[in-house]
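These values consider heavy atoms only, across backbone and side chains, with no hydrogens, waters or symmetry-generated copies.
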Amino acid sequence: MTFLDQLNEAQREAVTCTEGASLIVAGAGSGKTRVLTYRIAYLLQQGVPASRIMALTFTNKAAREMKERIQKLVGEEARYLMMGTFHSVCVRLIRPYADLLGFTRDFSIYDTPDQKSVIKGICKERGLDEKIYKPTAVLARISMAKNNGIAPDAYGMNQQLLREDREARMYELATVYALYQARLKAANAMDFDDLLINMIRLMNLNTEVCERYQQQFQYVLVDEYQDTNYIQFVLVKKLAEPQNNICVVGDDAQSIYSFRGADIRNILNFRQVYPEARLFKLERNYRSTQTIVNAANSLIHKNIHQIEKTVYSENDEGQPLQVQAYMDDRTEALGVATKIQRMRHKGYDAFAVLYRTNAQSRVIENELRKLNIPYRIYGGTSFYQRKEIKDALGYLRLAVNRRDNEALLRIVGFPGRGIGETTMKKVAENAIEHHRCYLDVMRSPDETGLEVASGTKKKLQAFAQLIDGFAAQSEEMDAFAFTEMVLRTSGVMTALAVDLSTEGIDRAQNVQELLTAIHEFVEQRALEGIDFTPITDFLSEVSLLTDQDDNLTDTSERVTLMTVHAAKGLEFPVVFIVGLEENLFPSQFAVKPSEVEEERRLLYVAVTRAMEQCYLSFAKQRFRNGSFSFASQSRFFNDIDRRFMGVERAAAPERHHYADSAHALASMGAPSPASQVLPNAPLVACAKSSVSAEILSAWKAGDRVSHRVFGLGTIVRVYRDEVTENDKIEIHFDTQGTKTLLLTHAKLERA
């Protein structure tokens, strides 16, 4: 039995037809990763050398897992595959020829904080209003331009872009863009977008390099092709020429990243670019129940621009999607938390709550905490973005690239050396005036006439000497030994060790964990046959990590909270999709038909994350911008076939929601809860009234009590809420009105 026997007929055909251009349209849960993995393994099995294959992904995690799978199928040959993210592959291909682009091989890669720092510096120098020229907004405009192949000089002549900048009152954005690129070049640095642009530049500038790479990579494969932007399209097309053995895998129905520059036209128009391309459709969903798949199909088929396909499932039929209306967002959160609590008691242990915007998580967190339900928010600060880690990496970056001004600014004050902000401002101004990097000025302040005290000059020179000493050893020691030496000699380890606060201990432990990570990196490379691993290799690896590379593990026995965008590629037995309201989902910014279609694709992604059960909910009013505002249910409810939606009959946590849900049912044309449910009627769940029963307690109605927050009050009643199965106490406080508290958490004293 070969690994091909593990594939269905459609998958096998997509794997074995390897020559020429291929478009594999992979529906949700259809085994896309398996097909891409097996196709590469099949090429290797057919005798294609691993060094002739390039596979491009969107996360390092995806590339790593695919390579591990391929190794299990065909053996150690897979180690030599050129596989990774667009950015990591470009780094590896650019470095040997960086001098042709005007960089050294040790160029730095600037992440978002580095980029923002450069932008802030430019705007401050030019006296621009920081409230208008916000770094995030400026970088978004610059990235948009780069992703569309628009260089600074072309930007300044593009009337549409200039008009948009004027409307945003960013009249000098073209100048800021030009200065930003100049600063990066002066610092021997590239940002993520530059890696792709410079790869294309390299191939256009040097025919020999271009032909070498085109001949080397006979087969080019791209994962998640629906998420590619214009520059990635150009790059892939260039690399695949002239053989055009290009295979792209993706799903137009899951194209949801236009805000990052993704262009759905790349996958929709693939067969126009490659008229001889073969089309393969993977339509069997192995993840979800038939009902979930059918509901998702009925939703996405409302989009006009798509590649026609019908995803199907041979799993159990499953339950209808349950729809619930709530009075407000707080009770929506409580309703979801209560449902999760009940399902946990029935043995379910993995849930996801998906929302359109990050701000929606707060109220959900509150209710989960009240019920002592463990949860995790996906998308927090990653390890490599913590301050102490970025400080440590800053020393390493500056050691291998002494022109990296942003790294220098980060570390020059840690540990303290008596070099303050005023001094560094003078250094920066002097460096810009004399077209030097900051470290050059610090090394020889008299050469450029730096006006600082003699004692300050000595401190600057001492720092420069320290960094120069590190640089001299950066290529003589492996990454682990070098890092250990730098952190010890620089005083970083000592500074962390003397801070005995809880936070200080955590920071020291994090830096030790960094050393462990570097040690493991060196060991792994040794296992791959690489005898010497310089620190530049590790820095490249780390600088290319993204938020999508966060390792989402241990999802059992806890609730995972995340935006729908973050959930793509994941799956959960039970999924709650909250906040399905107009101007929220779809977003208020979705005005054009194409934007509404992307919002519909986003909901499609959300629904298809569910394996067994899917719950949809909306609130009639939501607390936004400091006050409650009325909301109406999302138009997308009308896009889902009524046959696949049902009434959620579980009790809601608050009595007064009954009337509201009945009203919501009526507004969708559905029968009231008391009437007969007709076939094909659009259903929104009716929230059943809360049933309560008096219970035995040390407290009783009429008792006077004191609460540390609400003050003095009189107990109205003590009872068991049969919906939430919690014991509650209702108290009328003298100054705060009537409150209902959980009995176990009330912390009352007799008055």
The single option from Arg201, Lys146, Lys185 that satisfies salt bridge (charged side-chain N to carboxylate O under 4.0 Å, His left out) with Asp194 is Lys146
Can you list the residues that meet the side chain to side chain contact (heavy atoms under 4.5 Å, CB included) rule with Glu429, with sequence neighbours excluded?
Lys425
Identify, with sequence neighbours excluded, every residue that meets salt bridge (charged side-chain N to carboxylate O under 4.0 Å, His left out) alongside Glu172.
Arg126
Value for CG (Leu570) from OH (Tyr378), rounded to nearest 0.5 Å, stands at 5.5 Å
In terms of side-chain geometry, is the basic nitrogen of Asp129 or Arg169 positioned less than 4.0 Å from the acidic oxygen of its partner?
no
Check ion pair Lys568-Asp227 (N to O, under 4.0 angstrom)
yes
I'd like to know whether NZ of Lys457 has more than 12 heavy-atom contacts from other residues, nucleotides or ligands below 6.0 angstrom.
yes
Closest non-hydrogen atoms of Ala464 and Leu439, given as atom of the first, atom of the second and distance, are CA-CD1, 3.8 Å
Listed partners of Asp440 passing side chain to side chain contact (heavy atoms under 4.5 Å, CB included), at least two apart:
Arg436, Cys437, Arg443
For Arg166, which residues count as a salt bridge (charged side-chain N to carboxylate O under 4.0 Å, His left out) partner, sequence neighbours excluded?
none
Salt bridge (charged side-chain N to carboxylate O under 4.0 Å, His left out) partners of Arg402, counting only residues at least two apart:
Asp468
For residues 479-496, pull every pair meeting side chain to side chain donor-acceptor pair (under 3.5 Å), keeping only residues two or more places apart or in separate chains.
none
Phe192 vs His87 aromatic rings, parallel, tilted or perpendicular, using cut-offs 30° and 60°?
tilted
From the options Asn188, Thr536, Asp106, select the one residue that forms a side chain to side chain donor-acceptor pair (under 3.5 Å) with Asn401.
Asn188
